[in-house]
Every structure is written in C-alpha cells, then in structure tokens.
Amino acid sequence: MATSSKKPASRRQTAVRAAPGASASTVAQIADLAWAGQHAKAIELATSALAAARLPVARKLDLFDLRSESYIAQGELDRAGADAAAMRELAGASGKAALRAQADNRMALIQMRKGDWKAAVRTATAALKAARQGRQKALEAMSLYRLAEAQFRVNASEASARNATRAAELFARLDQPALQGRALWALAAARSNQGRAADCDKAAAAALELARRAGDFYGAGNALNMLMFNEADLATRLKLLTQSLAAFEAAGYVERQGVITFNLSIAYMNLGLYRRARRTLHQAKDMYRRAGSTVDASGSEWLLAVVEIEMGHLARAREHVAAAVGAEGGREAALRYPGFEPMLRARLAFRDNDPKSALAHFQRAVKLSESSEQDAFLCNALAEHANVLLATGDPAAALKATRRAVEIHRAHDLAPIQGLQPAMVWWEHSRALRANGESNPARQALETAYGFMCKGIAGLSDEGLRRNYLNKIRW
C-alpha cells in the first residue's frame, strides 16, 4: 500500500504495495482499522476482500499480511500462522524475491510469538536476503528489524544491535517514524541484554518519542515496557507498566497485554506482594496459552516456582518446576535464560537442607550464565552461590565469588541492569568480606547494598507498600 510521508506508517504498512486490481482503498481501510485497534473489523474486511475473484498475487499477500497481523493482535497465533503459510506458498509460486521477503517477515514474527526463536532467526535471515535481491529498501529495513528482534531473543545481542541500528537508519530515510521507533526498541532490547543500561534507556526513550509523534500505541507500549527494565525505583516501574498496558489496550494487542501482565507480576514479586504476583502470573499464563504461546506459558511456570519458594511452599515450587520442564515449549523457555533452571533447583536444595546439591546447581548456573553472556544473572548466581559457600564454611571461596560479581557490576557503572538484584549482590559481598576479617570494606559494601535497597522504594508513596517491601524481601 502506498503511504504518504505525512501519515504515520502503521504496522500493516511494512511492505505493502499498491498492486493493480482490487481496490487499494480497501487495503488502506483495513490498515487504518487495525491501526486504531479495531482488529475484529479489520479481519472481517480482509476476509471479505480475499474472497474476491482473480486478485493479483501481490494484493493477496497484502491482505493475508494485514489479517495475520490482526490475528496476532488478538492472540490467535494458529490462524496468523495459516495466513503466513498461505503467503509463503503464493510468494514461492510467484518467483518474486520481494514477495518472498514479505512472506518470510510475516512468518518470522509468528515464530517469535510462538517462542521458536531460532527458527525466526533463520526465517528473518532469508527475508533479508530476498529483500536485498528484490532491491526494495522498505523491505530491507523491515527484514533487518525482524532479524534484530529474533536475534536479541536468542541472546545474539551485538548482531541484533547492528541490524536494529541499520533498520532505524533506513526507516528514517524512508520517513517512517513509527517503524524507526520500533527498530530503536529492538536496539534497546539488545543493549539491555548486554547490561548496557544507559544505551538501552537512550534508545528506548527515542523509540517512545517517535511512537508518540506517529500515534503508534503498539510502539509506545513496547518502549514504555523497555524503559521499565533498568529502572531502580519500583514505583516508577509500576507506573511505566501501567502506561504500557494502556497503550497495548488502545492498540488492541491482547498478546502484548499478556507480556505486560507477566511483567507486572515480577514487579509485585519485587515488592513482596507474593499472593498478588501469583494471581497475576496465573492470568498471564492463561493469556499465553489462549494465544498459543507455549514458551511464554512455560516461563510463567518458572516464575510461579520462584514465588512459591519465597512463600516457603517448596512442594508447590517443585510442581511448577516439573510443569515448566515438561510443558510444550519448556526447553525453549529454559534456553532463553539458561542459568535460571539450575538457580531455582539450587534454591530449592538449599531451603531443603541439601547444601551439597545446592552448590552443584549454583556452579552450573554460573557456568550457563557465563556462556550466554548474561551479566545480571551471572552476578545473581555468583552471589547466591557465595551464600551457600558461607553456610558450608568456605568463606574464601565465597569472597572470590562475590568479588567477581561486584567487579562485573562496577563494569556496568553500578547500573540497575535488567534482572540484577543489586542489593542482594552487595549484601552477600559484605557478608563474605566480614567472614574473611575485612571489616571496613564489609561496612562499605553494606552501605552500598542499603543504598540500592532504598533506591528501589524511594518513589513508593504508599507507606504500606514500603513496609511490605522491607518486611518480606530477603535482600
């Protein structure tokens, strides 16, 4: 569909051309309905248009593309996948590289939403190759953006950052601010994976500004969620998540609302509101299952295990771990954060008075976190490992572990990077220093830990929430 440079480019305008034949105004109307969050009406109109006889192949792809996106928004991934498969069949038969790129870009997004991230990387790579063969810059930009998102989901963060940056540059030249903002969101996610909090926030803030300028609620929802990741203040996190949820509601994206519901449960957990976190996680899990996102549903099981451990319900926690491992998509969920499963098993073993098993699991968690270059999880694993080492009478090894953890955190300028528990890391370092007779450094580390703890609740105006946080959170 041809787009005016005066009008924000919607998600439906990813690679849609004004093909001859059926009315281009119908395609534009479908895109506008979806842009306004009216996905049911968009699907109805697209279905009616597809029933027309003798549609040009390019127009059919446009209509399938639009309908598939609205199916994704409604959480109907199987129907979205069927449309993407139809696009691939039509594109393959046409022999046109540009059509193959469009079809592969659609399929790559569905594979991501289903949690098949490695397949999404392969598909997006094929889309980029075809787009370049077709010599269409808009398709090349979209393919780079799709590939960047797939890559940050498999922790290929530097490659993701390069492709997201290039995509943003191309979208800027094409005067597509909404898509430029979405590419910058992918850049922010890649930098967040690397623990580069300042770079992440800079890209996410730029993405939010572009999304708001373009009237892109979907893009704004993603950017607001990304700004939450490296925010130390829990009250600000909740505010950002609430704004993100409202943006996705306006965009009509039920599937993305599930993501924010999941992240809200983490915020509640960090406040010590474990029962509320548990309820919210069950809601997120149900939303993911209805959408067909088995990997994200399995991820909810992992966090339910964390909540039950914190509440002292070890048997229930084990049930959730078993459900996460055995569920469809469980393996893929574990691969996203490979150190998380052994860390959970270590916590369970330690709480169950089995320090020997806990040490073995923490060693594995450290090794896996190193291999995935996830510094936040590595720091957490080292600090929790030190806690068990202190309990088993090995203060020297404990100090070695915490020194490494705080050195990594210092390398990130002591930023509250995504997934890190800074108060816990510095508290365990203080304990390890004290156990080794280093009283003054231990006091300094304790003050650092206290500072991180206070920073987390600085914006909480509700006295009850502050007391809840200080009473229930172990670190």
Side-chain angles (χ1 to χ4, degrees), residues 68-69 71-85 88 104-127 145-157 159-160 182 185-186 189-190 192-193 218 221-222 225-226 229 248 253-263 265-266 280-306 320-341 344 368 372 374 377 418-419:
S68 180
E69 179 65 28
Y71 277 141
I72 291 173
Q74 293 191 152
E76 299 181 71
L77 295 183
D78 287 341
R79 289 184 172 182
D83 280 355
R88 274 184 149 182
D104 280 342
N105 274 322
R106 174 55 51 200
M107 183 60 78
L109 181 61
I110 292 162
Q111 289 167 335
M112 280 186 269
R113 295 298 177 259
K114 286 189 171 184
D116 196 354
W117 299 308
K118 289 184 178 179
V121 170
R122 294 192 295 270
T123 303
T125 301
Y145 164 47
R146 284 282 188 265
L147 181 55
E149 181 176 355
Q151 286 171 324
F152 80 66
R153 295 187 186 283
V154 296
N155 299 314
S157 300
S160 172
R182 294 181 189 192
W185 161 77
S192 184
N193 280 353
Y218 178 95
N222 273 335
N225 184 48
M226 187 55 60
F229 280 139
F248 285 131
Y253 272 76
V254 176
E255 177 266 336
R256 293 287 92 183
Q257 292 170 43
V259 173
I260 304 306
T261 302
F262 180 88
N263 287 342
S265 69
I266 298 174
T280 311
L281 277 168
H282 279 296
Q283 292 171 4
K285 183 174 70 172
D286 290 343
M287 293 173 78
Y288 285 141
R289 282 179 174 169
R290 287 197 301 271
S293 182
T294 56
V295 173
D296 290 324
S298 179
S300 298
E301 294 285 3
W302 288 116
L303 278 192
L304 281 165
V306 174
H320 286 299
V321 170
V325 171
E328 182 183 356
R331 182 175 177 274
E332 289 80 2
L335 288 173
R336 181 80 192 277
Y337 301 105
F340 197 66
E341 178 188 350
L344 267 183
L368 289 172
S372 62
Q374 294 178 323
F377 288 95
Q418 178 187 352

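Please read these numbers as outputs of a predicted model, since none were measured by experiment.
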Point to revise | Ile260 CD1 to Tyr253 OH distance, which is reported to the nearest 0.5 Å | key: 14.0 Å

**Study point:** Over all atoms of both residues, closest heavy-atom pair of Ala186 and Phe152
**Key:** O-CD2, 3.8 Å

Practice item. Tell me, please, which residues at least two apart from Phe248 pass ring pair (Phe, Tyr, Trp, His ring centres under 6.0 Å). Key: Tyr218

Check your understanding: Measuring from Leu147:CG to Thr125:OG1, what's the distance to the nearest 0.5 Å?
Key -> 4.5 Å

Review point. Do you know the tightest heavy-atom contact between Ala108 and Thr123?
Key: N-CG2, 3.8 Å

Exercise for review: Kindly give the heavy-atom pair with the smallest separation between Ala148 and Ser160, and that separation in Å.
Suggested key: O-OG, 2.7 Å

Point to revise | Separation of Thr280 OG1 from Leu304 CG (nearest 0.5 Å) | key: 10.0 Å

Review point. Less than 4.5 Å apart, any side-chain heavy atom of Val321 and any of Trp302?
Key: yes

Check your understanding: Can you list the residues that meet the side-chain hydrogen bond (donor to acceptor under 3.5 Å, both in side chains) rule with Arg256, with sequence neighbours excluded?
Key -> none

Check your understanding: Would a 4.5 Å heavy-atom cut-off, applied to side chains only, mark Glu69 and Arg106 as touching?
Key -> yes

Review point. Can you name the nearest heavy-atom pair linking Arg289 to Ala297, along with the distance?
Key: CG-CB, 3.7 Å

**Study point:** Beyond-backbone contact of Gln374 with Pro338, side-chain heavy atoms, under 4.5 angstrom
**Key:** yes

Practice item. Any chance you could measure Arg122, atom CZ, to Met107, atom CE, to the nearest 0.5 Å? Key: 12.5 Å

**Study point:** Student check: side-chain heavy atoms of Leu368 and Phe340 closer than 4.5 Å
**Key:** no

Review point. Just wondering, do Met112 and Arg146 contact through their side chains at under 4.5 Å, heavy atoms?
Key: yes

Revision key, fill the gap. For Gly258 and Tyr288, the nearest pair of non-hydrogen atoms, with its separation, is O-OH, 3.4 Å

Revision key, fill the gap. In this structure, CG of Asp104 is separated from CG of Leu109 (nearest 0.5 Å) by 12.5 Å

Check your understanding: Can you find a pair of side-chain heavy atoms, one from Leu344 and one from His320, that are under 4.5 Å apart?
Key -> no

Practice item. Answer yes or no: is there a side-chain heavy-atom contact under 4.5 Å between Tyr71 and Glu255? Key: no

Point to revise | Ser298 side chain to Ala324 backbone, donor-acceptor under 3.5 Å | key: yes

Exercise for review: Report the C-alpha separation of Gln418 and Ser192 in whole Å, then their side-chain angles, then the decisive distance to 0.1 Å, and conclude whether the side chain to side chain donor-acceptor pair (under 3.5 Å) test is met.
Suggested key: CA-CA 6 Å; Gln418 178 187 352; Ser192 184; 2.4 Å; yes

Point to revise | Nearest atoms (heavy-atom pairs only) where Ala84 meets Ser68 | key: N-OG, 4.5 Å

Enumerate, atom names and distances included, each donor-acceptor pair closer than 3.5 Å involving a side-chain atom of residues 72-83, sequence neighbours excluded.
residue	atom	partner	partner atom	Å
Gln74	OE1	Ala40	N	3.3
Gln74	NE2	Glu76	OE2	2.6
Glu76	OE1	Arg79	NH1	3.2
Asp78	OD1	Lys114	NZ	3.3
Asp83	OD1	Arg67	NH2	2.8
Asp83	OD2	Arg67	NE	2.8

Practice item. State, with a plain yes or no, whether a side-chain heavy atom of Asn222 is found less than 4.5 Å away from one of Arg182. Key: no

Practice item. Take Arg290 and Val254 through the side chain to side chain contact (heavy atoms under 4.5 Å, CB included) test and state the conclusion after the steps. Key: CA-CA 10 Å; Arg290 287 197 301 271; Val254 176; 5.8 Å; no

Point to revise | Donor-acceptor pair, side chain of Thr261 and main chain of Gln257, under 3.5 angstrom | key: yes

